[in-house]
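See below for the structure under consideration.
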Amino acid sequence: MNTKTARQIVLGTASAGLAAVLLSGCGLIYKPVGHTLNHYSLDEAVPYALSSGDLDKTTCGTGLALSQLMGSFSRVISRPSRTLLSTNLLAAMCSEAQAQDAHLLVLRALHNGETDTARDDRIIAQRWERITALRRYQVYRDTVDAYGEFGGQSCPDLSNEMGTDLDELQFMTGVLTSVQGLLSDIRANSSVGIPQNVAAEAGRAVSCLDNRKWWGLPEALEAVVWLSVPGNQPDGADPWGQLERSVAIGREQGMALPAMLYAIAAYGQSDTAREKQAIKAVAEIYNQNDTAGRFQILNEVAYSQAQYLSDRIWMEAEGHRTPLIALGSFPGDSSGASDDDFDAGSFLE
């Protein structure tokens, strides 16, 4: 072997060794970066999103982006379930908005006698419902991973090392989203296969939470489960009365989520009178003041869900959505929220 060849071998070996060191060095920093980002997300990103008033940016921006980023760190650290249950929850709301828009297009097509268009829009809606159900099922699994099986004989440890109530809130929203996931799956022809017992488990799990501290939401969710799951309502229980009391607690504290659940329950039971009453309550609570504070995004969620239900009522009756800034008014009302004076020609000027 000549000197030149030997030198090339030495240099090649050294280069390979250096590359290996550098690559292993990159691997060494992934774990601390993952832990740091996970703590940052819980301490800063999630609270920031909760206080936001921009629902679309929070769900489709923060939810989709952070779900992928934080999910990737499960390759190098333990799955950051507490963070991912929040980000996947938001991502599910993003896809649900797409599903709801498609459902409204179904109603408009039927209103106009366009059955083929309605059939196609229904398929689109079901596809988005399936995506939403998949994301919400992951929220259920991450909630279980973070806090253990819920609905059992004992309550999870919801104490927080930062001294905040974030874990209580995440557990509560994880339980709520699990129930929503089951409903999304039903609307997707049960194509995901979320277990039916999730709703009953959720109804029992909310007893671990302080009802008044959390705006009456725990007992509102419990009542929704009673109405939705046959054979789950205890003797002597009054789900509608419990929902009304929860709405009253939420109104006192400026939180519209219990009223939103009341509206969803009434819609599920085809009780249009109660549904309209609850939609009006959401609008009143949302507009009364800005007491939601650091949980403003939850009021935005309530408003959006109530607006969708209102849009369904308007679309079936009039062929269009709720008029702008008119949530709480309905077709036939004398409130003046009507598009009877709509001038189509003005859009051509």
Side-chain angles (χ1 to χ4, degrees), residues 22-95 134-150 154-178 180-181 205-206 208-210 213-215 217-218 255 257 292-301:
L22 290 175
L23 289 174
S24 64
C26 290
L28 290 174
I29 69 170
Y30 291 158
K31 288 186 177 182
V33 168
H35 287 298
T36 300
L37 284 178
N38 184 39
H39 282 289
Y40 174 81
S41 296
L42 289 171
D43 297 343
E44 303 297 338
V46 171
Y48 179 81
L50 285 169
S51 64
S52 172
D54 190 330
L55 183 61
D56 182 67
K57 183 188 293 184
T58 301
T59 57
C60 298
T62 303
L64 292 178
L66 270 185
S67 290
Q68 291 295 85
L69 175 62
M70 295 310 303
S72 69
F73 282 104
S74 62
R75 294 165 57 93
V76 294
I77 63 173
S78 298
R79 183 173 175 82
S81 300
R82 291 163 65 208
T83 298
L84 287 172
L85 78 86
S86 293
T87 58
N88 281 316
L89 179 157
L90 295 173
M93 291 182 190
C94 181
S95 55
L134 285 166
R135 291 173 178 174
R136 285 176 167 162
Y137 194 21
Q138 187 57 61
V139 172
Y140 166 74
R141 290 193 292 253
D142 280 328
T143 304
V144 170
D145 187 52
Y147 302 109
E149 295 285 347
F150 55 76
S154 60
C155 293
D157 180 8
L158 299 177
S159 59
N160 185 282
E161 68 270 14
M162 298 296 292
T164 71
D165 49 19
L166 180 61
D167 276 298
E168 288 185 45
L169 177 65
Q170 287 189 301
F171 178 73
M172 179 174 67
T173 53
V175 170
L176 171 59
T177 303
S178 299
Q180 291 177 311
V206 293
C208 296
L209 298 161
D210 185 325
K213 174 182 178 180
W214 295 111
W215 323 295
L217 187 64
M255 177 53 68
L257 277 179
R294 63 193 180 109
F295 303 119
Q296 180 59 34
I297 199 64
L298 301 182
N299 263 353
E300 300 298 332
V301 170

Chi angles and distances behind the side-chain contact (heavy atoms from CB on, under 4.5 Å) call for Cys208, Phe150: CA-CA 10 Å; Cys208 296; Phe150 55 76; over 6 Å; no
Verdict with supporting geometry, Gln180 and Val139, side-chain contact (heavy atoms from CB on, under 4.5 Å): CA-CA 10 Å; Gln180 291 177 311; Val139 172; over 6 Å; no
Residue pair Asn299, Met255: steps toward the side-chain contact (heavy atoms from CB on, under 4.5 Å) verdict: CA-CA 6 Å; Asn299 263 353; Met255 177 53 68; 3.3 Å; yes
Intermediate values then yes/no, side-chain contact (heavy atoms from CB on, under 4.5 Å), Phe73 and Val33: CA-CA 9 Å; Phe73 282 104; Val33 168; 3.9 Å; yes
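Shortest non-hydrogen contact noted between Ser86 and Gln170 is OG-NE2, 2.8 Å. Across all non-hydrogen atoms, the minimal contact from Gly71 to Ser74 is O-OG, 2.6 Å. Nearest heavy atoms, Gln296 versus Ser51: CB-O, 3.7 Å. Among all heavy-atom pairs drawn from Leu66 and Ala45, the shortest one is CD1-CB, 4.1 Å. The shortest heavy-atom contact between Cys94 and Leu64 is SG-CD1, 4.0 Å. Closest approach of Ser52 and Glu300 over heavy atoms only: O-CG, 4.2 Å.
The shortest side-chain heavy-atom distance between Leu169 and Leu298 falls under the 4.5 Å cut-off. By the 4.5 Å heavy-atom criterion applied to side chains, Pro47 and Arg294 are not counted as neighbours. For the pair Leu257/Trp214, no side-chain contact is recorded, criterion being any heavy-atom separation below 4.5 Å from C-beta on. With contacts defined as side-chain heavy-atom distances shorter than 4.5 Å, the pair Leu158/Leu209 qualifies. Side-chain contact between Leu84 and Gln138 is absent, with no heavy-atom pair separated by less than 4.5 Å. For the pair Thr58/Leu90, a side-chain contact is recorded, criterion being any heavy-atom separation below 4.5 Å from C-beta on.
Other residues, nucleotides and ligands contribute at most 12 non-hydrogen atoms within 6.0 Å of the NZ atom of Lys57.
Here the options are Thr59, Thr177, Asp56, Ile297, the test is side chain to side chain contact (heavy atoms under 4.5 Å, CB included), and the partner is Met93; only Thr59 passes.
Rounding to the nearest 0.5 angstrom, the gap separating the CZ atom in Arg135 from the OG atom in Ser67 is 7.5 Å. Note: Arg79 CZ to Met70 CE = 10.5 Å, rounded to the nearest 0.5 Å. Tyr137 OH to Asn88 CG: the interatomic distance, rounded to the nearest 0.5 Å, is 14.0 Å. Distance check, rounded to the nearest 0.5 Å: CG of Leu85 to CG of Leu89 gives 7.0 Å. Ser95 OG to Leu134 CG: the interatomic distance, rounded to the nearest 0.5 Å, is 9.0 Å. Taken to the nearest 0.5 Å, the OG atom of Ser81 stands 11.0 Å off from the CZ atom of Arg141.
Take Tyr147 and apply the ring pair (Phe, Tyr, Trp, His ring centres under 6.0 Å) test, not counting sequence neighbours, and it matches Phe171.
A cation-pi arrangement, defined by a distance under 6.0 Å to the six-membered ring centre and an angle within 45 degrees of its axis, is absent between Arg136 and Tyr140.
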